[in-house]
Each structure stands twice: as C-alpha cells, then as structure tokens.
2 protein chains.
Amino acid sequence: MTSPQFESQIRHHLAVHGVRYTRGRQTVVAALARMDGPRSAAELYDQLERTLPLSSLYRSLAVLAEAGVLSPHHGTKGLTRYELAEWLMGHHHHLVCIDCGAVDDVQLPPDLETTLERLVATVAADRFVATGHALEIDGRCAACA
Amino acid sequence: MTSPQFESQIRHHLAVHGVRYTRGRQTVVAALARMDGPRSAAELYDQLERTLPLSSLYRSLAVLAEAGVLSPHHGTKGLTRYELAEWLMGHHHHLVCIDCGAVDDVQLPPDLETTLERLVATVAADRFVATGHALEIDGRCAACA
DNA sequence: TTCCTTGCAAACGATTTGCATTGGA
DNA sequence: TCCAATGCAAATCGTTTGCAAGGAA
C-alpha cells in the first residue's frame, strides 16, 4: 500500500495529534501516495473504484488535511485536490504549463530557496505573519514548447 | 468610477476583441478597480449592495476574463476571485490569509523583484520556457493574527 | 430587425451535514 | 464500554443555464 516509511511517519503523526488512522483513512493516504500529483475527491473515488463512499472520502480528506498529513490545492474549476503534505513530500514549487496544464514539481537549490525565504520574510514584514509560500512558474513544458 | 486611464484602455481592448462594454460590465470593472486585491462574485455582490444580480455578475466576470481584462484566481473554499489583469494593474504578488482567505496584493521592491526573476530564470533553465511567475505568501492577516 | 445582454428562477456539481449504525481503543 | 467513524440521503453553496424580456447596432 503506502510506502512503509510514510506509513510509520503518518501513523506516529496522527497518534500525536490524537487522530485515529482508520482503514478508510489509510486507503485514502495509500491512494494519494501512489499518485504523482494532487488529486480531487472525485478522482480518488474513481481510482478506488467507488468502493469508498464520497462522503467518507471527503471526511477523511478533511481530517487528514486538518491533521497536517495532506495539503489542499485549489485549482481550476473550483476543484480541491489534495497531496501528501510537504513534511512528507519535501518542500517544492510548481512549474505550470500554460498550454497543456501539466504541473511539475521543482525543488529549488538550497541557496535559491534561502534567498526566496529571505525575500518572503522581507515582504511580509509587519503587515502579515507569513507561515509559508508557494512559487508558481508559468511557461511551456518541454513537450509544448 | 473606474480610474479614467483604465476606462479608455479597457474600452479599446474590448472593442478590439469585439466585446461590448455594457453598463453592467463597467460596474464590475469599476468595483474591482476600487479593490486592493482579487474579489469573488459574492464579495462584489455585497460591495455593489446587491444591485447587480449574481447571475449577471457571474456572466460579466466570465466575459471579461475571457476577453483578458480580468484574471481569475482560485483560492480557499473553492471560491474564484477576479482582479484586473496584470497589463492594467502591473505585476504583483499575493498575500493569502490561511484563516479568512482574504487576498491582498503586494508589489515587490524592484531589487527583490529582480532577484525573484533571476531565481525563476535559473530554475526554469533548460527544462521549461518560463513566461511568468506568481509568488503566493501564505500566513495570517492583521485581523486574524 | 437581429443579435447580444439581462434577470429571474431552476438546474448543477462539488462538498457538507443529520442521523442512525458500526467499529475501534 | 463509549466515543469516534461510517454510510446513506438530504441539504448547502458556489456557479451555470434556460428562457423570456430589454437594449444596442
């Protein structure tokens, strides 16, 4: 199912947060771990061959996101897609193809990530308490260029 | 209503695109021009004191976005917020409140924007033809902090 | 006239919730 | 045991659409 290392990290994380890791929730996490990008409730529903009711799916996604295991990603058409949180997947940014819509992950070289973090801190400064950031780079992927 | 310079630029842009600049559409643009960040249909509806029916509002937003006068921004809670396109507003980034979902515009100081552009160019490098970028800074706004 | 736009209400699709039942610590 | 999780169906909420009436060219 889920890669074993995620399995134990998540189990521990949820235990600490007093959240049960039930079969339904494990199923959702396992499905997402198999994916190569964020997925919506409907997409997971299909992927799981409709064995898990949509309402349960939504509830699992909400609980797991609340617990910090998943992070929601709001995309086109009002769909919310979820992916494993950054502490599991690693901090990354997105390359979004303006032609085909494909989303690729990019990890910045440490020095650039540091630069970006300093930049964010400077900008947020007094008017805002920054807790995170996301850089989206728009352009054309190799296939579309 | 709308700052006169926007008024004429938009009017010309729409004429070129064969799209009428009706009173309803002018109202929507004027309302957005007064805002300091992207706004959803519901927010504009309230701002306009419910004088403009929601369905008309949605239709105006769709037409104006399609014509390139507005750009949509998909945010928390499945809401789509719109703002004047960058060719009108100038390039900027967003501060997004993770509690209330409010979105504020930030313009980076020129040196930081330059830094960011260099960073983007470096990252995109060979695998991607970058045409733009968007930095989202997540955190808590003054009201929610 | 001939399109395009508007308003109202009904329709939609994604997500949430009430409630009775099941399951896990 | 006992509270949390689940499933189903009904309810919500943002958004879209059908249709008839109101402009503008």
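So you know, we letter chains A, B, ... as the sequences are listed, proteins then strands, and number each from 1. Side-chain atoms are counted along with the backbone in the values below, which use heavy atoms only and exclude waters and symmetry mates.
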K.L.:
Kindly compute the distance separating CE (A:M89) from CD (A:Q107), expressed to the nearest 0.5 Å.
P.N.:
9.5 Å
K.L.:
Does C:dT16 have its OP1 or OP2 closer than 4.0 Å to a side-chain nitrogen or oxygen of A:Y58?
P.N.:
no
K.L.:
What integer distance in Å separates B:R25:CZ from C:dG7:P?
P.N.:
12 Å
K.L.:
Tell me: CG of A:L57 to P of D:dT6, nearest whole Å?
P.N.:
10 Å
K.L.:
What is the distance, rounded to the nearest whole Å, between atom CD of A:Q26 and atom P of D:dT6?
P.N.:
10 Å
K.L.:
Quick check for you: among D:dA4, D:dG7, C:dC3, whose closest atom lies nearest to any side-chain atom of A:R20?
P.N.:
D:dA4
K.L.:
Side chains of B:L119 and B:V123: does their closest heavy-atom pair fall under 4.5 Å?
P.N.:
yes
K.L.:
Quiz question: by atom type and distance under 3.5 Å, do the side chains of A:H12 and A:E7 form a donor-acceptor pair?
P.N.:
no
K.L.:
Hey, which of these two, B:A41 or A:T51, hits DNA chain D nearer its 5' end, going by closest nucleotide?
P.N.:
A:T51
K.L.:
Reckon B:T80 touches a base, only the sugar-phosphate, or nothing at all at heavy-atom distances under 4.0 Å?
P.N.:
sugar-phosphate
K.L.:
Please give, in whole Å, the distance from C:dC8 C1' to B:Y45 OH?
P.N.:
11 Å
K.L.:
Under 4.0 Å, heavy atoms only, any strand: does A:T22 hit a base, just the sugar-phosphate, or nothing?
P.N.:
sugar-phosphate
K.L.:
With respect to the phosphate group of C:dC8, does any side-chain polar atom (N or O) of B:S55 fall under 4.0 Å of OP1 or OP2?
P.N.:
no
K.L.:
Given the side-chain rings of A:H133 and A:H91, with only the six-membered ring counted for Trp, is the space between their centroids under 6.0 Å?
P.N.:
yes
K.L.:
Rounded to the nearest Å, what distance is computed from the CG atom of residue A:L54 to the P atom of nucleotide D:dC8?
P.N.:
11 Å
K.L.:
Atom CZ of A:R23 to atom P of C:dT22: distance rounded to whole Å?
P.N.:
15 Å
K.L.:
How would you label the contact of B:R59 with the nucleic acid (heavy atoms, under 4.0 Å): base, sugar-phosphate, or nothing?
P.N.:
base
K.L.:
Under 4.0 Å: is that the gap between some side-chain N or O of B:K77 and OP1 or OP2 of D:dG14?
P.N.:
yes
K.L.:
If you assign B:P53 and A:L79 each to the DNA chain C nucleotide with the nearest heavy atom, which residue ends up on the more 5' nucleotide?
P.N.:
B:P53
K.L.:
Among B:D105, B:D104, B:D138, whose side-chain contact (heavy atoms from CB on, under 4.5 Å) with B:H94 holds?
P.N.:
B:D105
K.L.:
Rounded off to whole Å, could you give me the CD-to-C1' distance for the A:E66 and D:dA4 pair?
P.N.:
16 Å
K.L.:
If I take atom CG in residue A:L61 and atom C1' in nucleotide C:dA14, what distance separates them, rounded to the nearest angstrom?
P.N.:
13 Å
